[in-house]
Amino acid sequence: MFNLKLLQKNKTLKYGVPMLLLVVGGSFGLREFTQIRYDSQKIRKRLDPSLEAKVNIQRQPVILEEEYELKETNLDEWKNIRGPRPWEDSREYQEQQRRKLSNKD
């Protein structure tokens, strides 16, 4: 009887143990919920069998030069041209750029 009253007055047992149980239990609970999330994403990303036959999933890594065909371009004569700002009319700005380029040549 005497030990039970001492245990009830002990702050570590009164507040610490429930806190530890909440932290450890919450960690396991969150792990389960995140696993459900990732499983559902994996199911949504699956392709139909008809599409999967057309798409080669085991593709070789893409080389940047092949993707953008940089081998054919001449980088020595490259000019940096500023694009239109959101508040500028894009057609009007393009016409100005074309006039500038034609005047320089």
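The structure presented is a predicted model; accordingly, all values stated were derived computationally and were not measured.
- Cluster annotation: Leu13 and Leu21 are assigned to the same hydrophobic cluster (Ile/Leu/Val/Met/Phe/Trp/Tyr, side-chain heavy-atom contacts under 4.5 Å, transitive).
- Summarising the geometry, atom CZ belonging to Arg98 is positioned 11.5 Å from atom CD belonging to Gln96; distances are rounded to the nearest 0.5 Å.
- A distance of 11.5 Å separates CG in Leu30 from CZ in Arg37, rounded to the nearest 0.5 Å.
- Looking at Arg31 and Gln35, their side chains never come closer than 4.5 Å, going by heavy atoms from C-beta outward.
- To the nearest 0.5 Å, atoms CG (Asn10) and CG (Asn3) are separated by 12.0 Å.
- Interatomic distance, Gln97 CD to Ser102 OG, rounded to the nearest 0.5 Å: 11.0 Å.
- Looking at every heavy atom in both residues, Lys14 comes nearest to Gln8 through CD-O, 4.0 Å.
- The backbone N or O of Val23 sits nowhere less than 3.5 Å from a side-chain atom of Ser27 that would complete a donor-acceptor pair.
- A donor-acceptor pair is defined here as one N or O able to donate and one able to accept, closer than 3.5 Å; no such pair exists between the side chain of Glu95 and the backbone of Glu92.
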